[in-house]
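Scroll down for the structure; my scribbles are underneath it.
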Amino acid sequence: MNNCIFCKIVRDEIPAKKIHEDDDIIAFNDINPAAPVHILLIPKQHIASLSETEELHRDLLGKMLLSIPKLARDQGCTDGYRTIINTGHVGGQEVFHLHIHIIGGKERLPAMIHQS
Ligand code: 5GP
Ligand code: ZN
């Protein structure tokens, strides 16, 4: 996808602080971190959102999830972290290339959603 910002990171057309890269996935630091550790984990393949995934993405999605514990541990998240996938308009998704946020640090994170 020509204009997708995360595809541009995959193609090294814009810089990112990459933490992990292999044939299928890349993890890099979020440009606007919400906590001391804020990693974005993406597939190299352009998939717009979790809603666009299908059976053929089963192995890729499994690989993404299974890569998270080591990624988080290597960044110092030894006592837990939060994973978030924002999906679509209601989910607050801003970049329409599937990504998993991995968020942590030393302090307990605040409650995620407040019902008013
Ligand atoms: P979303 O709201 O779509 O789940 O999250 C998109 C995330 O991408 C945001 O946390 C935002 O800070 C991050 N982001 C947007 N543009 C860039 C960029 O060019 N580089 C990096 N590293 N992160 C970005
Ligand atoms: Zn993309």
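Both ligands and their constituent atoms are indexed starting at 1 by order of listing.
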Practice task
Examine Val95 against ligand 1 and note whether any of their N/O atoms are separated by less than 3.5 Å.
Solution key: yes
Problem - Per-atom contacts, ligand 1 versus Leu40 - under 4.0 Å to a heavy atom - result: 8 (O), 13 (C), 23 (N)
Handout entry: Under-4.0 Å heavy-atom contact with ligand 1, by part of Ile84 that carries it
Key = neither
Fill in the blank from the handout: Closest to atom 14 (N) of ligand 1 among protein heavy atoms sits Ile31 CG2, 3.9 Å
Exercise for the section: Mind telling me whether Phe28 and Phe6 have parallel, tilted or perpendicular rings, with 30° and 60° as the class edges? Expected result: perpendicular
Problem - Euclidean distance, Ile39 CD1 relative to His20 NE2, rounded to 0.5 Å - result: 11.5 Å
Exercise for the section: Report the part of Phe28 in contact with ligand 1, treating N, CA, C, O as backbone and CB onward as side chain, heavy atoms under 4.0 Å; options are side chain, backbone, both, neither. Expected result: side chain
Problem - Close N or O approach (Ile5, ligand 1; < 3.5 Å) - result: no
Practice task
Nearest heavy atom to atom 22 (N) of ligand 1 wins, so pick from Ile39, Ile9, Asn29.
Solution key: Asn29
Completion exercise
Separation between CG (Leu61) and CG (Leu66), nearest 0.5 Å, reads 11.0 Å
Fill in the blank from the handout: Going by the 4.0 angstrom heavy-atom rule, the piece of His101 near ligand 1 is side chain
Problem - Protein residue, atom and distance nearest to atom 3 (O) of ligand 1, heavy-atom basis - result: Glu94 N, 2.7 Å
Fill in the blank from the handout: Numbered in order shown, the ligand 1 atoms found under 4.0 Å of a heavy atom of Asn32 are 12 (O)
Handout entry: Heteroatom distance test (Asn86, ligand 1): nitrogen or oxygen, under 3.5 angstrom
Key = yes
Practice task
Flag Gly92 as yes when one of its N or O atoms lies below 3.5 Å from any N or O atom of ligand 1, and as no otherwise.
Solution key: yes
Practice task
Please confirm whether Ala16 comes under 4.0 Å of ligand 1, counting heavy atoms of the residue only.
Solution key: no
Practice task
Would you give the length of the straight line joining atom NE2 of His99 to atom CG of Asn86, rounded to the nearest 0.5 angstrom?
Solution key: 6.0 Å
